Amino acid sequence: MAPSLNSSKSLHDFVVRDGNGVKGLVDLGLSEVPEMYIQPPEERIKKEESKSWDVPPIDLSKLNGAEHEKVVDEIVRAAETLGFFQVVNHGVPLELWESLKDAANTFFSLPRENKAVYLTGVSRSAKVKYGTSFTPHKEKILEWRDYISLTYSSDEDALQCWPNQLKEVALEYLKLSSKIVRDIMEILITKLGVELDDSKIEGLIGIKKVNMVYYPPCPNPELTVGIGRHSDIGIITVLLQDDIGGLYVKVESENDAEKGEWLEIPPTPGVLVINIDTKQWKV
């Protein structure tokens, strides 16, 4: 049963508790964003006030050639400054990108009952979590997105627990992106003057996850956000963008963390985005 668009509680239950997500809300044929998604002006990104990313991507294939040290320096410099950079020739084929996007669209387009079995508190596996927003049971204003989070422990476990629409392609992406993470981790550790064996490097990498985020079409995108301002919880994130865009990175002011400017990182075919949170590093 569709909720009353005049009742925030019934809308919230429809989206969050029942597992319809924002996708289900959009399928109702909304002509405007419900009040519970309208962000205060200070939380919205003003595109006209942002700048475009103009840093060329780092070519990871050159790590195996004469320009190895140059590429290492570029990675270290990016990690020490903004913490974001783009990479090309990373080993993730474009065919896999398209398969990932198709798989994600297939999953999020499933009927509610097929997705709701993975809701928090319902999912039979703690390694699979489907939901919407960040903490929707506590937030007064929700984010305009649905997501599924797949935690990796072993190939066997992933193939058994992850949704059929996603498991094979997500597992392949995780393996290829994990190699990128490991290469970057080794570069940064070496630059710190620390020598670690393989097992300890794997321990530093820690938990591996594939997070897929879906942003349904929005009637008033200027009033809401897909994901609000945040820092990633992982040490290194490998981000594959689709062609919609909307990724912004804040360059903080040296004197005031609340101030600074936003940079838009546009999606580019064949280019992955790397986010390094050096604040979490303990070697």
Side-chain angles (χ1 to χ4, degrees), residues 45 50-97 100 173-198 200-206 208-211 227 229-243 245-255 257 259-283:
I45 296 292
S50 66
K51 294 184 178 180
S52 183
W53 181 269
D54 60 0
V55 182
I58 297 173
D59 188 342
L60 293 185
S61 69
K62 294 182 178 180
L63 284 171
N64 301 317
E67 295 185 67
H68 174 85
E69 288 303 320
K70 177 177 178 293
V71 176
V72 166
D73 289 341
E74 290 175 348
I75 292 174
V76 171
R77 189 181 311 113
E80 291 176 337
T81 53
L82 188 57
F84 274 83
F85 57 96
Q86 295 174 303
V87 295
V88 293
N89 296 324
H90 37 63
V92 180
L94 284 175
E95 293 80 5
L96 179 58
W97 289 44
L100 271 169
Y173 176 72
L174 181 137
K175 289 181 176 181
L176 293 176
S177 59
S178 292
K179 183 181 183 306
I180 299 172
V181 170
R182 188 181 183 87
D183 289 345
I184 293 173
M185 184 81 77
E186 289 181 348
I187 286 170
L188 298 178
I189 289 173
T190 299
K191 276 295 182 178
L192 290 173
V194 178
E195 292 185 11
L196 295 177
D197 58 34
D198 288 349
K200 290 185 178 180
I201 291 177
E202 197 65 27
L204 275 176
I205 292 175
K208 299 176 183 177
K209 288 186 177 185
V210 176
N211 293 330
I227 298 181
R229 60 186 69 190
H230 67 283
S231 296
D232 284 350
I233 60 173
I235 292 177
I236 299 179
T237 301
V238 180
L239 176 62
L240 187 160
Q241 294 176 277
D242 61 13
D243 55 2
L247 174 63
Y248 291 83
V249 177
K250 189 175 185 182
V251 183
E252 295 180 346
S253 169
E254 292 183 3
N255 301 320
K259 296 182 179 180
E261 61 181 3
W262 288 94
L263 297 178
E264 181 180 12
I265 304 182
T268 305
V271 176
L272 292 172
V273 178
I274 308 296
N275 177 20
I276 300 177
D277 188 349
T278 53
K279 296 177 182 177
Q280 298 190 47
W281 281 60
K282 294 182 180 179
V283 180

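Values in this document were obtained by computation on a predicted structure and should not be read as measured data.
- At least one side-chain heavy atom of I75 sits under 4.5 Å from a side-chain heavy atom of L60.
- Closest approach of S178 to K208, counting heavy atoms only: OG-CD, 3.7 Å.
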Practice prompt. Before giving the answer on side chain to side chain contact (heavy atoms under 4.5 Å, CB included), spell out for L100 and V210 the whole-Å C-alpha distance, their side-chain angles and the decisive distance to 0.1 Å.
Written response: CA-CA 11 Å; L100 271 169; V210 176; 5.5 Å; no
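- Distance check, rounded to the nearest 0.5 Å: CZ of R182 to CE of M185 gives 9.0 Å.
- Shown here for V87 and H90, the closest heavy-atom pair between the two residues is O-CD2, 3.3 Å.
- Under the 4.5 Å side-chain criterion, counting only non-hydrogen atoms from C-beta, F84 is not in contact with L239.
- In terms of heavy-atom proximity, P93 sits nearest to L176 at CD-CD1, 3.8 Å.
- If you take CD on E264 and CG on D54, they are separated by 12.5 Å, rounding to the nearest 0.5 Å.
- Counting all heavy atoms, side chain and backbone alike, K250 lies closest to L82 at O-CD1, 4.1 Å.
- Within the 4.5 Å cutoff, side-chain heavy atoms of L263 are placed close to those of V251.
- Here CG of N89 is found 10.5 Å from CG of L272. Values are rounded to the nearest 0.5 Å.
- Listed for the Q241 side chain is a donor-acceptor partner under 3.5 Å among the backbone atoms of I265.
- Residues K51 and E261 meet the side-chain proximity criterion, which asks for heavy atoms closer than 4.5 Å.
- Between D59 and S61, the shortest heavy-atom contact is OD1-OG, 2.5 Å.
- With contacts defined as side-chain heavy-atom distances shorter than 4.5 Å, the pair I274/V238 qualifies.
- Distance check: I45 CD1 to R229 CZ gives 6.0 Å after rounding to the nearest 0.5 Å.
- Within the model, atoms NZ of K62 and CD of E74 stand 8.0 Å from one another, a figure rounded to the nearest 0.5 Å.
- Residues F85 and V55 fail the side-chain proximity criterion, which asks for heavy atoms closer than 4.5 Å.
- In this structure, W262 and Y248 have perpendicular ring planes: the angle between them is above 60°, well past the 30° mark.
- G245 approaches P267 most closely through the heavy-atom pair CA-CD, 3.6 Å.
- A salt bridge between K179 and D183 is present, with a side-chain N of the basic residue lying under 4.0 Å from a carboxylate O of the acidic one.
- With V72 as reference, I187 is the one residue of L188, I58, I187, I184 to meet the side-chain contact (heavy atoms from CB on, under 4.5 Å) rule.
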